[in-house]
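Beneath this line is the structure, given in structure tokens, with notes to follow.
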Amino acid sequence: MSSLLTSLRKYRPRENSNPVENFITEAFAWLLRKDPDLGRYLVNQFAERLINSSKKFTPTNDGIVWSTQANYGGVFPDMEAKWPGMTLVFEHKVWAELHGNQLNNYRDFHANTGNDYRLILITGHHSQHGQNPDLALCWHEVYVLIKNYLDSSQTTEITWLIQ
């Protein structure tokens with residue numbers, strides 16, 4: 001597992017490129033890897049939000065592997081959470097809109113693998129919730145989930161970072 005600073009270094013600002021979404025994704029993934037209880041808590045919260053949906057899934061107590069920038073045949077979702085039998089595919093947006101067919105590209109990839117998956121879109125505001133993800137949240141909702149986790153859990157070595 002790489003360090004947070006090493007992960008962020010590859011996203012240096014360039015002309016006509018704002019790496020803020022990549023920075024947020026890498027920091028989020030790093031926190032989830034460093035505090036597995038937080039990762040399991042969020043997966044459970046995502047599952048609860050889909051409980052009345054045809055897309056519901058069973059969360060896991062096993063190890064969840066969090067990764068960023070997986071290669072889906074030339075398209076790259078921001079983050080994945082994987083455990084045996086399931087992949088949660090995350091797309092993160094702050095100010096930008098989804099690219100044309102962005103979520104369909106991820107669906108097409110998984111349709112060809114036969115893997116069970118769910119698409120989770122996290123954005124800056126509700127107006128960005130397009131392309132029919134399985135679950136759409138705003139960053140402020142993720143903040144509330146993390147705050148609830150901190151309020152209900154034991155202090156860990158990275159609690160101050162999560163806060």
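The first residue of the sequence shown is numbered 1, and numbering continues consecutively from there.
Here the NE2 atom belonging to H110 is positioned 12.0 Å from the CG atom belonging to N105, to the nearest 0.5 angstrom. To the nearest 0.5 Å, atom NZ of residue K82 and atom OG1 of residue T87 are 4.5 Å apart. Here the CD1-CG distance, from I146 to L42, works out to 5.5 Å after rounding to the nearest 0.5 Å. Atom CG of N132 and atom CG of L103 lie 8.5 Å apart (nearest 0.5 Å). Here the CD atom belonging to E91 is positioned 7.0 Å from the CG atom belonging to L121, to the nearest 0.5 angstrom. In this structure, N61 CG and N44 CG are separated by 7.0 Å, a value rounded to the nearest 0.5 Å.
Annotation: side chain of K147 is not in contact with side chain of L150 (no heavy-atom distance under 4.5 Å).
A salt bridge does not link D35 to R33: none of the charged nitrogens lies less than 4.0 Å from a carboxylate oxygen.
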Criterion side-chain contact (heavy atoms from CB on, under 4.5 Å) on R40 and V43, from CA distance to verdict:
CA-CA 5 Å; R40 279 189 296 278; V43 165; 5.7 Å; no
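Paired with F57 under the rule side-chain contact (heavy atoms from CB on, under 4.5 Å), one option of L88, I51, D116 passes, and it is L88.
More than 12 heavy-atom neighbours from other residues, nucleotides or ligands sit within 6.0 angstrom of CG on D151.
Remark: the backbone N or O of C138 is paired with a side-chain donor or acceptor of E141 at under 3.5 angstrom. A donor-acceptor distance shorter than 3.5 angstrom exists from the side chain of Q128 to the backbone of V94, with no hydrogens or angles considered. Without hydrogens or angle criteria, E80 side chain to A70 main chain gives no donor-acceptor distance under 3.5 Å. Side-chain N or O atoms of D134 include none that pairs as donor or acceptor with a backbone N or O of I120 at under 3.5 Å. A donor-acceptor distance shorter than 3.5 angstrom exists from the side chain of H129 to the backbone of L137, with no hydrogens or angles considered. Listed for the R118 side chain is a donor-acceptor partner under 3.5 Å among the backbone atoms of K56.
Nearest heavy-atom pair across I64 and A81 is CG2-CB, 3.8 Å. The two residues A29 and T68 come nearest to each other via the heavy atoms CB-CG2, 3.6 Å. Considering all non-hydrogen atoms of both residues, P77 and V89 come closest at CB-CG1, 3.6 Å. Across all their heavy atoms, M79 and W66 have their closest contact at CE-CZ3, 3.8 Å.
Using cut-offs of 30° and 60° for the angle between ring planes, the W139 and F28 rings count as perpendicular. In this structure, Y149 and Y41 have tilted ring planes: the angle between them lies in the 30° to 60° band. In this structure, H92 and F90 have tilted ring planes: the angle between them lies in the 30° to 60° band.
No single ILVMFWY cluster, assembled from side-chain heavy atoms under 4.5 Å apart, contains both V75 and I122. Under a hydrophobic-cluster definition in which Ile, Leu, Val, Met, Phe, Trp and Tyr are linked whenever side-chain heavy atoms come within less than 4.5 Å, directly or via other members, L145 and L32 are assigned to the same cluster. Note on F46: it does not cluster hydrophobically with Y106, by side-chain heavy-atom contacts below 4.5 Å among ILVMFWY residues. Cluster membership check: F76 does not share its hydrophobic cluster with V65, using side-chain heavy-atom separations under 4.5 Å among Ile, Leu, Val, Met, Phe, Trp and Tyr.
Counted by atom type alone, Q131 and Q102 present zero donor-acceptor pairs between their side chains at under 3.5 Å.
A search for salt bridge (Lys or Arg N to Asp or Glu O under 4.0 Å) contacts involving D78 returns nothing, not counting sequence neighbours.
With Y117 as the aromatic partner, K55 meets the cation-pi criteria of under 6.0 angstrom to the ring centre and within 45 degrees of the ring axis.
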